[in-house]
2 protein chains.
Amino acid sequence: MTFAFDKERHRQGKGSEVEIFEAYLRQKGLKLTVPRRQLLELIFDDHSHFTADQLFDRCRERDVRISKATLYRTLAILTDCKLLSAHDFGGEAKYYEHVFGHEHHDHLVCLACRKIVEFQSPDIEKLQDQAAEELGFAPIHHSLAIFGVCAACAETAEGRKVIEEGQAGPTSVSD
Amino acid sequence: MTFAFDKERHRQGKGSEVEIFEAYLRQKGLKLTVPRRQLLELIFDDHSHFTADQLFDRCRERDVRISKATLYRTLAILTDCKLLSAHDFGGEAKYYEHVFGHEHHDHLVCLACRKIVEFQSPDIEKLQDQAAEELGFAPIHHSLAIFGVCAACAETAEGRKVIEEGQAGPTSVSD
DNA sequence: CTCGATAATGAGAGTGATTCTCATTTAGGG
DNA sequence: CCCTAAATGAGAATCACTCTCATTATCGAG
């Protein structure tokens with residue numbers, strides 16, 4: 001009952017995403033509507049990470065007229081069928097990214113310029129599963145974000161200030 | 001310029017927290033007011049993790065009349081001087097916990113009952129710093145939460161459903 | 001102890017992302 | 001082609017949190 005089943009095959013155009021989406025809709029008794037098709041096109045045609053608002057703007061740019069309600073509803077479906085994943089790095093809005101055809105990864109967030117870099121660490125994954133097991137938890141997913149200052153920002157006054165305060169300008173939030 | 005400097009000494013009553021708080025206020029030219037004193041008392045007198053709303057309720061229970069504005073302002077100061085840390089597990093509200101006198105730890109979150117368990121893994125910490133360094137980031141803090149189902153919930157229908165769906169009942173958010 | 005500059009407070013308005021409501025429209029199986 | 005269930009759009013509603021601002025309190029200097 002998993003839909004992103006052929007992760008082995010790597011990027012192969014958005015065809016697969018559409019197929020997975022359609023299969024999921026069918027399985028749930030949902031309908032493939034025009035707005036959903038348009039959103040799918042916009043989302044998988046390129047930008048692999050975005051916020052709901054950025055997607056909304058993009059719709060307007062391309063003269064695709066879709067309400068925010070529909071946009072959010074569609075994003076929810078896409079995360080449910082695991083074509084997208086939603087992340088919350090403590091900023092204003094959630095951050096969505098493609099899942100299909102991408103390896104699992106965690107994130108480094110620059111507290112000065114908010115740049116986000118992906119990284120992988122199989123060793124960390126292993127230790128996490130181990131920790132969960134030790135405490136009787138069946139791990140389902142996890143979220144690891146390292147907040148710091150990127151190389152570029154470490155050169156700037158802003159970046160140095162953040163490092164000095166050892167914190168994201170007063171009151172940073174983590175999880 | 002760090003205020004939670006004597007982490008070595010473990011729990012020793014809320015005296016130390018008050019001292020640290022006062023030192024921080026003085027250093028920043030802020031004032032020790034009645035509402036701040038009352039909040040400090042409530043926060044460090046016991047419950048070591050809570051949401052802003054829970055704290056607000058607690059105030060009303062004890063007939064401590066404080067506005068939400070002041071409550072939030074005080075929580076911000078307390079996180080700034082590192083007596084509290086703020087976490088966002090993707091739920092409704094932020095989650096605050098005591099820092100002074102507690103070891104650093106990460107969290108396991110049960111997706112069925114929302115229970116939160118703490119755990120430590122120095123090995124993971126090391127690997128994290130390593131990952132950050134490799135990508136040119138100066139790490140400042142991190143956030144690791146493992147979402148899963150706790151032992152107790154794994155016995156329930158609810159828990160099993162969550163595990164099966166491999167997800168937090170439609171649309172979970174991580175970071 | 002008294003002043004006065006400056007910070008803090010409370011109440012409520014304001015924000016901003018996300019969700020809900022509901023009357024109207026559409027998809028798609030039979 | 002029909003009918004029912006699902007989807008849509010527009011705007012109202014939520015909800016945690018922040019801001020505004022007139023009033024009050026703190027605390028160091030004198």
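Both backbone and side-chain heavy atoms feed into the values below; hydrogens, waters and symmetry mates do not. Every chain is numbered from 1, with letters handed out A, B, ... down the list of sequences.
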How many Å lie between CG on B:L25 and P on D:dA25, as a whole number? 19 Å
Find out whether B:V149 and A:F137 are in side-chain contact, i.e. whether some heavy atom of one side chain is under 4.5 Å from a heavy atom of the other. no
Under 6.0 Å between ring centres, would you say that holds for A:H107 and A:F89? yes
CG of B:L71 versus C1' of C:dG12: gap in Å, rounded? 16 Å
Taking CD from A:Q27 and P from C:dG29, how many angstroms apart are they, rounded to a whole number? 15 Å
Whole-Å distance, A:I66 CD1 to C:dT25 C1', equals 15 Å
Closest-nucleotide ordering on DNA chain C, the 5'-leading residue of A:A52 and B:K68: B:K68
Between A:R26 (CZ) and D:dA7 (P), how many Å, whole number? 15 Å
Between A:Y72 and C:dT18, is there a contact of a side-chain N or O with OP1 or OP2 at under 4.0 Å? yes
Taking only the side-chain nitrogens and oxygens of A:T33, find out if one of them lies under 4.0 Å from OP1 or OP2 of D:dA7. no
Using atom CG of A:L39 as one end and atom C1' of D:dA7 as the other, report the distance to the nearest whole Å. 13 Å
Run the salt-bridge test on B:D53 and B:K68 with the 4.0 Å N-O cut-off and return the result as yes or no. yes
Which nucleotide wins on minimum distance to the side chain of B:K94, given the candidates D:dC17, D:dA7, C:dG28? D:dC17
Answer yes or no: side-chain N or O of A:K31 and base N or O of D:dA5 forming a donor-acceptor pair under 3.5 Å. yes
Whole angstrom value for the distance that separates P of C:dT18 from CG of B:D88: 12 Å
Residue closer to the 5' end of DNA chain D, B:R37 versus A:R73 (nearest nucleotide): A:R73
For D:dA16 and B:T51 - does any side-chain N or O of the residue sit under 4.0 Å from the phosphate oxygens OP1/OP2? no
Mind checking A:R36 for me? I need base, sugar-phosphate or nothing, with any heavy atom below 4.0 Å counting as a touch. sugar-phosphate
Starting at NZ of A:K28 and ending at C1' of D:dA5, how long is that distance when rounded to a whole Å? 16 Å
Answer whether the closest heavy-atom distance between the side chains of A:V99 and A:L83 falls below 4.5 Å. no
Ring centroid separation B:H142 to B:H104 under 6.0 Å: yes
